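First up is the structure itself, then whatever we jot down about it.
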Amino acid sequence: MKIPDEVIVKAVEKFGTPLYLYSEEEVRERCRFLQAVAKKHYPRCFIAYAYKANSNPALCKIIHEEGLGAEVVSGGELYTALKLGLKASRIVFDGVSKTLDEIEMAVTNEIKLLNVESLDEIKVVGKVARRCNRKISLGVRLNLGVEVSTHDKIATGGRSHKFGLDYRFALKAIKEIVGNSFLEWSGIHFHLGSQIFSPTPYLQALSKVASILRESYEKLGALPSVIDVGGGFGVSYSDEKQDPDLEIFFREIGGKVSEIFSELGSDPPELIIEPGRYIVAKAGILVSRVNYIKENFGRRWLLVDAGMNDFIRPMLYGAKHRIRVIGGRHKVYEKYCIGGPVCESTDVMAVDLELPRVKPGNLIAILDAGAYGYSMASNYNMRPRPPEVLFTEKGELKLIRRRETWEDLLSLAIL
Ligand code: LLP
């Protein structure tokens, strides 16, 4: 994390707590690194940043400036990407249950790729495209029945999941698309889950894709121009573990894709990846102030001003984020539980965490909170969402989303 303690303190003086603080340098470096690795191992790689990880427009703008496209999963995300001036030809739209409005928006804007997930959806997209008199480029998101070893709430590619089309219907889907003059079959897509640390599941998925492609080539004479392997590249949330070596991911995945196509006598396709967490997780922290300290039945509680409405990963996935006391130099360490202000027993950021002794008023930083932090925040308990601040490359603090106010909380209500 590239944000010094003095900067954190300054940001808090200016914008209060709780507060999301992001490092522009970290975001840009991660974009550049990914692109360099992609270029080295698979030059025809298109990187579509998964907006859901963090859709702050100022951050997305930086990511696009660095040359990444967008992976969106809702009309709201598509609207944001287009508003930021991103070319539609750089946008991939995924989503298991898209509305007619969302499909129409994708069709009329002529986005790069719309990944469909059911035979029903193909019919609907076909009708919308015909009505709009536009041809739309489709990918088929397959459920290949590949299990990954990650938290069960963030695995998506197994047989029990709602995502993707059962791969046994793949040929039927491709046939339907190829037979409709308003649809163009461009790609095969899958997304196996999140927090993946080894390329092995991607390779397993690609082996299954290979036999589907062989069949589609032999029976329909059709091959796609794109293979979209989704996102999921893991990041380490602890000091003990390292981020995965993405050189290995790109080398292995790229190599496998090239091999599949060369066996079919075809040039390598474009490879799409959809990383979210990898780009932004480590670029962000959530800063919170300790309001009170109390001891309940032998447990020492830090009662802080950030809660599960601000950051839900620990409560939803049991995620353990590193937590630091800002300026915490006390030589004595104590064990603390960290509780938020929300009226739920689960609103606990950490249990029995060793920290340098803390006093009321101290600041703590929840690290690696840049991904799935603000984007999953809510107004639960009628709590205004925190502001988002960027620590720029020039060393300035720039407010990139203001704190919500009490009025904001009532602004949509009708009495
Ligand atoms: N593509 C698709 C189709 C996805 O569903 C996702 C994430 C991504 C790309 C980006 O995955 P990433 O590279 O960020 O792992 N809220 C959870 C994570 C849910 C991910 C959902 N899909 C968390 O906080 O861990």
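First listed ligand is number 1; within each ligand, the first listed atom is number 1. All figures in this text were calculated on a predicted structure; none of them were measured in a lab.
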Between [X] and [Y]: side-chain donor-acceptor atoms closer than 3.5 Å:
X      : Y      : result
Asn291 : Asp305 : no
Asn54  : Tyr22  : yes
Lys282 : Ser23  : no

List the protein residues in contact with ligand 1, where contact means a heavy-atom separation under 4.0 angstrom. Ala50, Lys52, Glu71, Asp94, Arg141, Ile154, His191, Ser194, Gly231, Gly232, Glu274, Pro275, Gly276, Arg277, Arg313, Tyr317, Tyr372, Met376

Please lay out, stage by stage, how Asp408 and Arg402 fare under the test side-chain contact (heavy atoms from CB on, under 4.5 Å). CA-CA 11 Å; Asp408 289 331; Arg402 67 164 172 80; 2.6 Å; yes

Glu121 meets the salt bridge (charged side-chain N to carboxylate O under 4.0 Å, His left out) criterion, sequence neighbours left out, with Lys98

Measuring centre to centre across the rings, with the benzene-like ring taken for any Trp, is Phe93 within less than 6.0 Å of His189? no

